[in-house]
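I have placed the structure first, in the form of structure tokens, so that the comments after it can refer back to it.
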There are 2 protein chains.
Amino acid sequence: MQLVPSAKQAFVENVGHVAECNLLYLLVFENFRNYINKYSTTPLTDEQFGVVRSCFRPKTVRKRQYFLQEGEVCKYFGFIVKGAMRQYSVDDKGVEHIVGLSIENWWVGDRESWVMLTPSTYNIDAWEDTELLVVTKADTVQIVQQIPSINEMVRKMDEMHSIAIQKRINASVSLPADKRYTDFVNSYPSLVQRFPQHLIASYLGITKETLSRVRKRALGK
Amino acid sequence: MQLVPSAKQAFVENVGHVAECNLLYLLVFENFRNYINKYSTTPLTDEQFGVVRSCFRPKTVRKRQYFLQEGEVCKYFGFIVKGAMRQYSVDDKGVEHIVGLSIENWWVGDRESWVMLTPSTYNIDAWEDTELLVVTKADTVQIVQQIPSINEMVRKMDEMHSIAIQKRINASVSLPADKRYTDFVNSYPSLVQRFPQHLIASYLGITKETLSRVRKRALGK
DNA sequence: AAAAAAGGTTGACATATGTCAATGTTACTT
DNA sequence: AAGTAACATTGACATATGTCAACCTTTTTT
């Protein structure tokens, strides 16, 4: 039995009609095309997009199911079409530490495992039922080499990613817990609404109790 | 009066002879060429390297002088040929928070300011007298577009950078201070020897006193 | 509707880390 | 050699955060 139904199947279940399913498919890829064009100076030609499209496979991950599990090599990177996922490590004592929270139009995967082909030390699972477009490394190498816009997009996204992650490091070494939280709320209001507090606390490197108290004090002001 | 002598001048001062100076110049760029080739699948042709070389300008930054100052836009990225630099922010109370420590064969610059053309919130200064090869953004765009090996190198370096920085975030949310320190010592033994403890403490997000005590306890075991 | 599960808050207390001041040590400057 | 500055260590104490347990609310499941 197939635990994870195919993405197409999932879309069908969602909308109930095959006709609408195909329409949704089109919409998903159109959205993706716009996303790519937003990050490059020259829009993709139809032919180029055809190549890109053939490299990305829709995939559904149901709530609480893994996209990547500790010990596996990260063979796919995923673009979230709809849904919410979290990336976390588990320490000696079995405590989960959130290192990433992602929603629509974000990418998920473990770069280290992906690049180095080493077993991942992270888990990535779905916090909500999630629709992804996934791509293999081989295909990524292909389209990055062949299609300048994709090359440009990947470079820009790496840049943005580096910038975001640098800010997070700066916050972690230079801000106390309460500032880190307000900083987070200002930077990612959409995440605050999608994930419960105890996950955000973990993301910030504090306990849920501390976050609860920090929030209370912030209200008092 | 020129506070920062030209890089060539600096080399001359170091070695004392113009002949050796030119030789050093050659060696510096040969080293740089090897560095680039190490990160790409096809070596640079002589012609390509000529272009690259023309884009990188030697620069000397004396100990305690700024490479980038808070409020400036980061116009140059630098490759450290010899020396040691630190990148830090300064908080409301005037306390410095180290966000980066760099030595030979590392790159320095503020990605956010560089990419977004916004005033930097960081300072970068020399901890030791430092020789750099610096490049402007315009030139970077040129060679990344024109020379596949450079494109590849930049992408790979961004990848490595992302991986390293991701590990640091994971450490900061999931490890206590003592583990963060041993982790750091294992990951960057060369930095431990080049920078004093209070800078490393700041890099780890703890005070120098805490680091001193952490080290003492670690010895006891 | 009842039960269970997940999330959130609060209090009491323990622990880790920060702060401040004094002192020791090392390396550099004159 | 003396003096100074930078770095490191230590102690006493304050503060922030963690831990554990109880309790409450909301949502989900049965």
Side-chain angles (χ1 to χ4, degrees), chain A residues 62-65 84-86 88-98 101 125-129 171-185 191-221, chain B residues 62-65 84-86 88-98 101 125-129 171-185 191-221:
Chain A
R62 285 282 163 75
K63 184 171 181 172
R64 294 285 178 185
Q65 285 186 336
M85 309 191 93
R86 57 188 192 138
Y88 58 96
S89 60
V90 181
D91 69 19
D92 321 322
K93 291 160 192 155
V95 180
E96 295 174 354
H97 299 278
I98 303 290
L101 297 172
D125 66 12
W127 190 253
E128 304 171 1
D129 291 348
S172 86
V173 298
S174 66
L175 299 180
D178 54 344
K179 299 250 182 188
R180 290 212 300 281
Y181 177 67
T182 56
D183 200 52
F184 177 80
V185 172
L191 296 186
V192 177
Q193 300 178 335
R194 297 285 280 277
F195 295 98
Q197 274 182 46
H198 69 272
L199 293 187
I200 291 170
S202 175
Y203 179 94
L204 296 171
I206 57 180
T207 60
K208 57 189 197 303
E209 292 91 343
T210 297
L211 180 54
S212 175
R213 288 169 182 134
V214 157
R215 278 163 49 89
K216 195 179 176 184
R217 274 185 310 202
L219 281 179
K221 290 173 187 168
Chain B
R62 285 281 161 74
K63 185 171 180 170
R64 293 285 177 185
Q65 285 187 336
M85 308 192 94
R86 57 187 192 139
Y88 57 96
S89 60
V90 180
D91 69 19
D92 322 321
K93 291 162 192 155
V95 180
E96 295 175 354
H97 298 279
I98 303 290
L101 297 171
D125 66 13
W127 190 252
E128 304 170 3
D129 291 348
S172 86
V173 299
S174 67
L175 299 179
D178 55 344
K179 298 252 182 186
R180 289 211 299 281
Y181 177 67
T182 55
D183 201 51
F184 177 81
V185 172
L191 297 186
V192 177
Q193 301 179 334
R194 296 286 279 278
F195 295 97
Q197 273 183 46
H198 68 271
L199 293 188
I200 290 169
S202 175
Y203 179 95
L204 296 172
I206 58 180
T207 61
K208 58 190 195 305
E209 291 91 345
T210 297
L211 180 54
S212 176
R213 288 170 182 132
V214 157
R215 279 162 49 89
K216 197 178 176 185
R217 274 186 309 202
L219 280 179
K221 290 173 188 170

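Numbers restart at 1 for each chain; the letters A, B, ... are given by sequence-line order, proteins then strands.
- With C/dT9, C/dT17, D/dT17 as the candidates, the nucleotide lying closest to the side chain of A/Ser212 is C/dT9.
- Note that CD1 of A/Ile200 is 4.5 Å distant from CZ of A/Phe184, once rounded to the nearest 0.5 Å.
- Within residues 196-207 of chain A, the residues having any heavy atom under 4.0 Å from DNA chain D are, by residue number, A/Gly205, A/Ile206, A/Thr207.
- Atom CZ in A/Arg64 sits roughly 9 Å away from atom C1' in C/dA6 (whole-Å rounding).
- When each of B/Phe195 and A/Thr210 is assigned the nucleotide of DNA chain D with its nearest heavy atom, B/Phe195 is the one assigned upstream, toward the 5' end.
- Summarising the geometry, the separation between CG on A/Leu211 and P on C/dT10 is reported as 12 Å, rounded to the nearest angstrom.
- Applying the salt bridge (Lys or Arg N to Asp or Glu O under 4.0 Å) criterion to A/Arg180, with sequence neighbours excluded, gives no partner residue.
- When the ring pair (Phe, Tyr, Trp, His ring centres under 6.0 Å) test is applied to A/Tyr88, no partner is found at least two apart in sequence or on another chain.
- Once rounded to the nearest 0.5 Å, the distance linking CG of B/Leu101 with CZ of B/Phe195 reads 4.5 Å.
- Every residue meeting the side-chain contact (heavy atoms from CB on, under 4.5 Å) condition with B/Lys179, not counting sequence neighbours, appears here in chain and number order: A/Asp92, B/Leu175, B/Pro176.
- A salt bridge (Lys or Arg N to Asp or Glu O under 4.0 Å) check over residues 192-213 of chain B, counting only residues at least two apart or in different chains, returns the pairs B/Glu104-B/Arg194, B/Glu128-B/Arg194.
- Taking the side-chain hydrogen bond (donor to acceptor under 3.5 Å, both in side chains) definition, one finds that A/Ser172 meets it with nothing, sequence neighbours left out.
- Residues meeting the salt bridge (Lys or Arg N to Asp or Glu O under 4.0 Å) test with A/Arg86, sequence neighbours left out: A/Glu96, A/Asp125.
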When every nucleotide of nucleotides 24-30 of chain D is labelled 5' to 3' by its protein contacts under 4.0 Å (heavy atoms), B for base, S for sugar-phosphate only, - for none, what sequence of letters results? -------
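- Applying the ring pair (Phe, Tyr, Trp, His ring centres under 6.0 Å) rule to A/Tyr181 yields no partners; only residues at least two apart in sequence or on another chain are considered.
- The nearest whole Å value for the distance from the CZ atom in A/Arg215 to the P atom in C/dG8 is 8 Å.
- Atom CH2 of residue A/Trp127 and atom NZ of residue A/Lys63 lie 6.5 Å apart, to the nearest 0.5 angstrom.
- Distance, A/Lys93 NZ to C/dT15 P: 13 Å, rounded to whole Å.
- Separating the NZ atom of A/Lys208 from the P atom of C/dA6 is a distance of 13 Å, rounded to the nearest angstrom.
- Applying the side-chain contact (heavy atoms from CB on, under 4.5 Å) rule to B/Ser174 yields the partners A/Ser89, A/His97, B/Asn170; only residues at least two apart in sequence or on another chain are considered.
- At its two ends the helix from C/dA1-D/dT30 to C/dT30-D/dA1 runs along axes set 40° apart, each axis drawn from five pairs and the angle rounded to 10°.
- Here the shortest heavy-atom pairing between A/Ile206 and A/Ala177 reads CG2-CB, 3.9 Å.
- Taking every heavy atom of both residues into account, A/Asp183 and A/Ala171 meet most closely at OD2-CB, 4.3 Å.
- Atom CH2 in B/Trp127 sits about 15 Å away from atom P in C/dA27, given to the nearest Å.
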At a cut-off of 3.5 Å, list every protein nitrogen or oxygen paired with a nitrogen or oxygen from nucleotides 11-13 of chain D, distance to 0.1 Å.
| unit_1 | atom_1 | unit_2 | atom_2 | d |
| --- | --- | --- | --- | --- |
| D/dG11 | N7 | B/Arg213 | NH2 | 2.6 |
| D/dG11 | O6 | B/Arg213 | NH2 | 3.0 |
| D/dA12 | N6 | B/Arg213 | NH2 | 3.4 |

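- Remark: P of C/dT17 and NZ of B/Lys179 are 13 Å apart, rounded to the nearest angstrom.
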